Amino acid sequence: MSRLNTAEVEPKWQSAWEEAGVFTATRDESKPKYYVLEMFPYPSGRIHMGHVRNYTMGDVIARYKISTGHNVLHPMGWDAFGMPAENAAIERGGHPATWTYDNIADMRAQMKPLGLSIDWSREFATCDPEYYGQQQAMFIDMLDKGLVYRKNAVVNWDPVDMTVLANEQVIDGRGWRSDAPVERRELTQWFFRISDFADELLSALDGLDNWPEKVRTMQANWIGRSRGLEFAFQLTAPTNGFAELPVYTTRPDTLLGASFVGISPDHPLAKSLEEGNPELAAFSADCRRMGTSEADMEKAEKKGFDTGLRVRHPLNPAWELPVWVANFILMDYGTGAVFACPAHDQRDLDFCRKYDLPVTDTFFALDNPRPVEDEAFVPPKTEPVRWVDHFAGLDVATGQEAIDATIDLAEKQGWGKGVTQFRLRDWGLSRQRYWGCPIPVVHCDACGVVPEKKENLPIELPRDVSFDKPGNPLDRHPTWRDCACPACGQPAKRETDTMDTFVDSSWYYARFTSPRAATPTDAEDAAYWMNVDQYIGGIEHAILHLLYSRFFARAMNQTGHLPEKAIEPFNALFTQGMVTHEIYVTQDDKGRPVYHLPESIEWTESGARLGESGAPVQVIPSAKMSKSKKNVVDPVNIIEAYGADTARWFILSDSPPERDVEWTAAGAEAAFRHLNRVWRIATDAAEASDAAGDAAEDQALDRATHRAIADVTEGVENFAFNAAVAKLYGFTNTLAKSKASGQARRRAVATLAQLMSPMTPHLSEEIWALLGNVGLVVRAPWPKADPALLVEDSVTLPIQINGKRKSEITVAADLPREEVEKIALADKAVQKALAGGQPRKLIVVPGRIVNVVI
RNA sequence: GCCCGAGUGGCGGAAUGGUAGACGCAGGGGAUUCAAAAUCCCCCGCCGCAAGGCGUGUGGGUUCGAAUCCCACCUCGGGCACCA
């Protein structure tokens, strides 16, 4: 018996696959195609266990599909633009391109030993000019189709570093480097018209049957379709040219509970009032000293400022409501103005209590007509309530009925109209940064904003830039901006904004179908390979990346870059959990936490200790692996110690794929031991004699083999990899104990190798070859379970008495119900419980259970 | 704050209306060995001497039967539009 030498075996098979070109995808109309894609990585420089998990799952699917006769496309690339490369350049010098391409080389070298079934000939990085040049071409097509436009939008402005900050760079309202309070500043920015597609993106979710329900729900809520009433409050006295204040509300039925009218600090009326009102100007300035993120705004203290203006209530002109500027009202949603109904909205109620504004109930719960105090009454819109005095003549009605009645009434009386609104906003794609895809337009004094000519693409990023000053290096480059206007030929200036990196990742899946094409896609390749049959990635991308990709596929279809069938680019989606690990922490002399890497910990009887000093270490429960907490395990070390198959096997074995998995050293060792055991069983079987054995033993092993085929196939098809692994453990245990003949054991081992091959491809090839098979296991057809060998002839039924398990009986699987009842009633425990009486009820679920109710 | 998830032995988990704890880890006992490593066998939810009882985050409900379905709550995680 030889020991398994992974350092030798794994590279050997990787070379064999490469030489045979097993994973190089070409169009082949004779086979069904299958496109499996994992979300491509950001090239941070090191692969981590999350990558191992993500790509191993995709690899299992890809290899399984190869063995079931599919023509598989399984590509890999790099999401290579983005802030970390610029941050590295600022902090350590060097160029973002150098940093990025070095990282890609490192990560590719770390990834290849995993033995993934990737077609590396299709690899690209989004920062390759060949890629982003095609992206620029599509941008121009989309501009031409009216899918892109410019408007003003607010950004986080760092007044010290004089630069735009990302939300993650704003910490407690301050810039991360300067520590200066950030300001909201308006810039003219480029936008995709994703909101034009809101209804379509929402309704098409219904067709995404193979997406997780939770992702579809999250997207539906994000798009946020609502039907409400739009109407205008008339100002009692026109001010600064404003005679009325249009508002949008989803609860027009509560109009009689209106307390005040609120407008955003960015509302045109609020801005016009600032000029003559220094106090308001100060208030609004204060509101603008806040990050732009919705979470920031929601968590901030609700503040308001009474403008002194008054509006008339639409249902009663004698009733005047005050107009307040409030910091929680978004200019981007609806009209930037709302009426507040404190009795039925907690935020409005808190605001009214704070500023002593009136609170008027408009409806009560049927069983509890108590006025609202400090808790707003917000029942579901489907719950009937009793109306205090509803202007549409309602008494008891649900919120939804009242909303509909109010909209009808307003339309009939002519003071308002029902409108459908979406929460989804247009996608702002401008970034004031260097390391992104340049937006291919030119600003000309004579012609305005002009798209670049396609023959001038790609508009490449200049290499000679410096990061010693904050802000966008493209802005201060001495010559890069200078160009000729594509329309009139006069000197003009390039746009210096680059694109959001979400644009890069919104179409890479399409580019993989023809990565070297001279156009963004190749029609025939896209028609053949699209859609992605199985997409795999983190749940953190449930909304933005996936929604943007869905939009982009539609926009690509409208500009002729994708076929109609590809407007929903991902047929099936699987969202995987994170990889976690325990955290080890000691404290320094000032009591601050000091984190330690897992490999520096030693386990003694008295607990975890630091290897060097022997100091006791506090163990904190698992959390997502992160550099700052040092609870990281480097896949490279694991592969060196145990081999890629062990890393792959363990990462699949311990948790359901959609849940978090905790990496443990003991678990990894157990995986390693198991694979060695499989190898030992295989070599024993290979060396066993050809003599005939006990036929019953052979048949029992054959049955177990076919049971395993059925169970593992089901596990792989349903993404229950941990369950498939558990079944493989079970089958291995059966095989190890089997007294079957050498021939029967070799049959079982060959099947075991095949069933394991998507997960542990190297070991499987080695066993496959050991057993004398010609060709690669990766190309062998997936085994089929023989139904005749799956049938059991007897079953054990638990006997419950009043729902509690008390006994069990073993009967023939096809025994008629009456016979099962007789045997069950004759059971000792049942007889005892009945004490001579009759059961009240007898429930027999064939093949499952018997319940005797007494 | 809002939206979406998850919670089962000492640990990771299995079971998606029908025997709770498959499989693995850790632990305990034994075999083999001069010894160790490796390997193999057995035990292993909690309380209880036992009979038996209890048990799937907490509290209620539906059902002959609930980890699974419904309601309320608690805790943890993801997202919140410029992190990727």
Side-chain angles (χ1 to χ4, degrees), chain A residues 3 39-42 44 79 81-84 155-156 164-170 189 194 212-215 217-222 224 292-300 302 328 332 346-347 423-433 500-502 504-505 538-545 547-548 575 577-578 580 621-624 650 653-656 658-664 666-667 669-671 673-674 676-677 680 720 722-723 725-730 733 736 796-800 802-808 839-843 845 847-854:
Chain A
R3 264 188 80 79
M39 291 180 185
F40 65 164
Y42 179 80
S44 59
D79 190 13
F81 275 136
M83 292 199 306
V155 294
N156 300 308
V164 177
L165 298 177
N167 283 336
E168 72 155 8
Q169 297 173 322
V170 179
Q189 311 230 58
I194 188 173
E213 186 65 41
K214 62 179 169 183
V215 174
T217 307
M218 279 190 262
Q219 291 213 355
N221 290 340
W222 184 262
T292 56
S293 85
E294 192 181 305
D296 280 350
M297 303 196 45
E298 291 286 340
K299 277 187 235 158
K302 309 295 176 281
F328 58 85
D332 292 333
Q346 190 63 43
R347 191 168 56 183
R423 206 185 77 97
L424 179 67
R425 309 198 293 259
D426 276 336
W427 171 11
L429 68 119
S430 294
R431 296 293 180 271
Q432 294 70 43
R433 291 184 228 294
D500 178 8
T501 56
F502 274 126
D504 312 336
S505 55
I539 185 66
E540 66 272 21
H541 295 295
I543 296 173
L544 292 179
H545 163 60
L547 189 62
Y548 289 157
T575 55
M578 298 180 302
T580 64
S622 272
K624 180 178 181 170
F650 176 70
S653 69
D654 239 31
S655 281
E658 68 277 11
R659 289 248 284 268
D660 293 351
V661 62
E662 182 178 354
W663 185 273
T664 62
E669 272 170 42
R673 278 202 305 269
H674 178 72
N676 276 294
R677 182 174 180 230
R680 216 162 38 241
N722 58 323
V725 167
K727 299 293 184 188
L728 285 164
Y729 267 109
N733 289 340
T796 300
L797 297 180
I799 308 281
Q800 291 184 337
N802 290 340
K804 300 242 178 230
R805 185 187 174 280
K806 294 289 177 183
S807 182
E808 65 180 34
R840 282 206 294 137
K841 205 167 176 182
L842 187 59
I843 293 149
V845 183
R848 304 304 306 236
I849 204 164
V850 178
N851 191 7
V852 185
V853 185
I854 295 170

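Computed from a predicted structure; not experimentally measured. Note on naming: letters A, B, ... go to the chains in the order of the sequence lines (proteins, then strands), and numbering restarts at 1 for each one. Atoms considered below: every heavy atom in the structure, side chains included; atoms not considered: hydrogens, waters and symmetry mates.
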**Student:** Starting at CD of Glu658(A) and ending at P of G5(B), how long is that distance when rounded to a whole Å?
**Tutor:** 13 Å
**Student:** Leu429(A) CG to A84(B) P: how many Å, rounded?
**Tutor:** 14 Å
**Student:** Measuring only the P atom in each nucleotide, how far is G55(B) from C46(B)? A whole number of Å is fine.
**Tutor:**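 The same atom, P, in both gives a distance of 16 Å.
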**Student:** State the OG1-CG distance between Thr501(A) and Leu429(A), to the nearest 0.5 angstrom.
**Tutor:**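 Answer rounded to 0.5 Å: 11.0 Å.
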**Student:** When you compare G9(B) with G65(B), how far apart are their C1' atoms, in angstrom units rounded to a whole number?
**Tutor:**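 These two C1' atoms come out 24 Å apart once rounded.
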**Student:** Under 4.0 Å between any heavy atoms, over every strand shown, what does Val170(A) touch: base, sugar-phosphate, or nothing? Just pick one.
**Tutor:**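 It contacts nothing in the nucleic acid.
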**Student:** Does C4(B) have OP1 or OP2 under 4.0 Å away from a side-chain N or O of Asn221(A)?
**Tutor:**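 Yes, within the criterion.
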**Student:** To the closest 0.5 Å, what do you measure between NZ (Lys302(A)) and CE (Met297(A))?
**Tutor:**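 Lys302(A) atom NZ to Met297(A) atom CE measures 9.0 Å (nearest 0.5 Å).
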**Student:** Counting the atoms with a prime plus P, OP1 and OP2 as sugar-phosphate, which does Arg659(A) contact under 4.0 Å by heavy atoms, base, sugar-phosphate, or nothing?
**Tutor:** sugar-phosphate
**Student:** Looking at Asn156(A) and Leu165(A), would you say the former's side chain and the latter's main chain have a donor-acceptor pair under 3.5 Å?
**Tutor:** yes
**Student:** Could you tell me whether Val164(A) contacts a base, only the sugar-phosphate backbone, or nothing, with contacts defined as non-hydrogen atoms closer than 4.0 Å?
**Tutor:** base
**Student:** Closer than 3.5 angstrom, by distance alone: can the side chain of Asp79(A) be matched with the main-chain N or O of Phe40(A) as a donor-acceptor pair?
**Tutor:** no
**Student:** Rounded to the Å, how far apart are Met297(A) CE and G1(B) C1'?
**Tutor:**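 Whole-Å distance recorded here is 12 Å.
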**Student:** Separation of Asp296(A) atom CG from C2(B) atom C1', in whole Å?
**Tutor:** 14 Å
**Student:** Which way is the base of G9(B) turned, syn or anti, if we draw the line at 90° from 0?
**Tutor:** syn
**Student:** Could I get the full list of ring pair (Phe, Tyr, Trp, His ring centres under 6.0 Å) partners for His541(A), not counting sequence neighbours?
**Tutor:** His545(A)
**Student:** Contact class for Gly224(A) (heavy atom, under 4.0 Å): base, sugar-phosphate, or nothing?
**Tutor:**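 The residue Gly224(A) makes no contact with any strand.
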**Student:** For the pair made of CG in Leu842(A) and P in G65(B), what is the distance, rounded to whole Å?
**Tutor:** 15 Å
**Student:** Categorize Ser430(A) for me: base, sugar-phosphate, or nothing, with a 4.0 angstrom heavy-atom threshold over every strand shown.
**Tutor:** base
**Student:** So, for Asn722(A) and Ser655(A), which heavy atoms are closest and what is the spacing to 0.1 Å?
**Tutor:** CB-O, 3.5 Å
**Student:** If you go through the side-chain atoms of Asn851(A), does one of them form a donor-acceptor pair with the base of C64(B) closer than 3.5 Å?
**Tutor:** yes
**Student:** Name the pairs: protein N/O against N/O of nucleotides 73-80 of chain B, kept only if under 3.5 Å.
**Tutor:**
| residue | atom | partner | partner atom | Å |
| --- | --- | --- | --- | --- |
| C80(B) | O2' | Glu294(A) | OE1 | 3.4 |

**Student:** With Tyr548(A), which residues qualify under ring pair (Phe, Tyr, Trp, His ring centres under 6.0 Å), at least two apart?
**Tutor:**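 Partners of Tyr548(A) by the ring pair (Phe, Tyr, Trp, His ring centres under 6.0 Å) criterion, ordered by chain and then number, come out as Trp427(A), Phe502(A).
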**Student:** Are Lys804(A) and A66(B) close enough that a side-chain N or O sits under 4.0 Å from OP1 or OP2?
**Tutor:**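 For A66(B), neither OP1 nor OP2 has a side-chain N or O of Lys804(A) closer than 4.0 Å.
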**Student:** If you round to the nearest 0.5 Å, how far is CZ of Arg347(A) from CD of Glu298(A)?
**Tutor:**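 Atom-to-atom, Glu298(A):CD and Arg347(A):CZ are 5.0 Å apart.
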**Student:** Do nucleotides 19-33 of chain B as a string where each nucleotide becomes B, S or -: B if the base has a protein heavy atom under 4.0 Å, S if just the sugar-phosphate does, - if no protein is that close.
**Tutor:** B--BSSSS-------
**Student:** Expressed in angstrom and rounded to an integer, what is the separation of Gln219(A) atom CD from A81(B) atom P?
**Tutor:**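 These atoms are roughly 16 Å apart.
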**Student:** Using whole Å, report how far CZ of Phe40(A) lies from C1' of C83(B).
**Tutor:**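 The answer, rounded to whole Å, is 14 Å.
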**Student:** Under 4.0 Å, heavy atoms only, any strand: does Lys302(A) hit a base, just the sugar-phosphate, or nothing?
**Tutor:** nothing
**Student:** Once rounded to the nearest 0.5 Å, what's the spacing between atom CD1 of Ile543(A) and atom CG of Asn221(A)?
**Tutor:**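 If I round to the nearest 0.5 Å, the distance is 8.0 Å.
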**Student:** Does this structure show an ion pair linking Lys214(A) with Glu658(A), if we count only N-O contacts that are shorter than 4.0 Å?
**Tutor:** no
**Student:** Do the side chains of Asp654(A) and Arg659(A) get nearer than 4.5 Å, heavy atoms only?
**Tutor:**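 Side-chain contact under 4.5 Å: no.
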**Student:** When the C1' atoms of U58(B) and C76(B) are compared, how many Å lie between them, rounded to an integer?
**Tutor:**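 Their C1' atoms lie roughly 15 Å apart.
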**Student:** Please map the stems of RNA chain B, keeping only stretches of three or more Watson-Crick or G-U wobble pairs with both distances under 3.5 angstrom.
**Tutor:**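 Consecutive-pair runs (3 or more) involving RNA chain B: B:1-7 with B:74-80, B:10-12 with B:23-25, B:27-31 with B:39-43, B:45-47 with B:52-54, B:57-61 with B:69-73.
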**Student:** How long is the span from the CG atom in Leu544(A) to the CD atom in Gln219(A), to the nearest 0.5 Å?
**Tutor:** 9.0 Å
**Student:** Select base, sugar-phosphate, or nothing to describe what Phe328(A) touches, counting heavy atoms under 4.0 Å on all strands.
**Tutor:**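 Contact class for Phe328(A): none.
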**Student:** What's Glu213(A) touching, base or sugar-phosphate or nothing? Going by heavy atoms closer than 4.0 Å.
**Tutor:** nothing
**Student:** Less than 4.5 Å apart, any side-chain heavy atom of Pro798(A) and any of Ile849(A)?
**Tutor:** yes
**Student:** Could you grab the distance from atom CD of Gln189(A) to atom CD of Gln432(A), nearest 0.5 Å is fine?
**Tutor:** 5.0 Å
**Student:** With a non-hydrogen cut-off below 4.0 angstrom, is Pro656(A) in contact with a base, only sugar-phosphate, or nothing?
**Tutor:** sugar-phosphate
**Student:** Between C4(B) and Thr217(A), is there an OP1 or OP2 to side-chain N/O distance shorter than 4.0 Å?
**Tutor:** no
**Student:** Give a yes-or-no answer on whether the side chains of Arg840(A) and Asn802(A) include a donor-acceptor pair shorter than 3.5 Å.
**Tutor:**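 Note: Arg840(A) and Asn802(A) side chains miss the donor-acceptor criterion.
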**Student:** Between Arg431(A) and Asp500(A) (side chain of the first, backbone of the second, donor and acceptor by atom type, cut-off under 3.5 Å), is there such a pair?
**Tutor:** no
**Student:** For atom P, what is the distance between A14(B) and A22(B), given to the nearest Å?
**Tutor:** 12 Å
**Student:** Expressed in whole Å, how much space separates the C1' atoms belonging to C73(B) and U19(B)?
**Tutor:**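 Those two atoms are separated by 32 Å.
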**Student:** Just how far, in rounded Å, is P of G1(B) from CD of Gln346(A)?
**Tutor:**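 About 11 Å, once rounded to whole Å.
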**Student:** Classify the nucleic acid contact of Gln432(A) as base, sugar-phosphate or nothing, counting any heavy atom under 4.0 Å across all strands shown.
**Tutor:** base
**Student:** Check nucleotides 42-45 of chain B for protein N or O atoms closer than 3.5 Å to its own N or O atoms and list the pairs.
**Tutor:**
none

**Student:** For C23(B) and G17(B), measure between their C1' atoms and round to the nearest Å.
**Tutor:** 24 Å
**Student:** Mind checking the P distance from C49(B) to A38(B)? Whole angstroms is fine.
**Tutor:**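 Result for the P pair: 37 Å, nearest Å.
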**Student:** Starting at the 5' end of RNA chain B and moving along, which residue's nearest nucleotide shows up first, Glu168(A) or Lys214(A)?
**Tutor:**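 Looking at RNA chain B, the more 5' nearest nucleotide goes with Lys214(A).
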**Student:** Would you say that Leu842(A) contacts Val850(A) through its side chain, given a criterion of any heavy-atom pair below 4.5 Å between the two side chains?
**Tutor:**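 Yes; the side chains approach each other to less than 4.5 Å.
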**Student:** Write down the distance separating the P atoms in A15(B) and A6(B), rounded off to the nearest Å.
**Tutor:** 14 Å
**Student:** So Leu424(A), base contact, sugar-phosphate only, or nothing? Heavy-atom distance under 4.0 Å.
**Tutor:** base
**Student:** By the 4.0 Å heavy-atom rule, please label Val845(A) as base, sugar-phosphate, or nothing.
**Tutor:** base
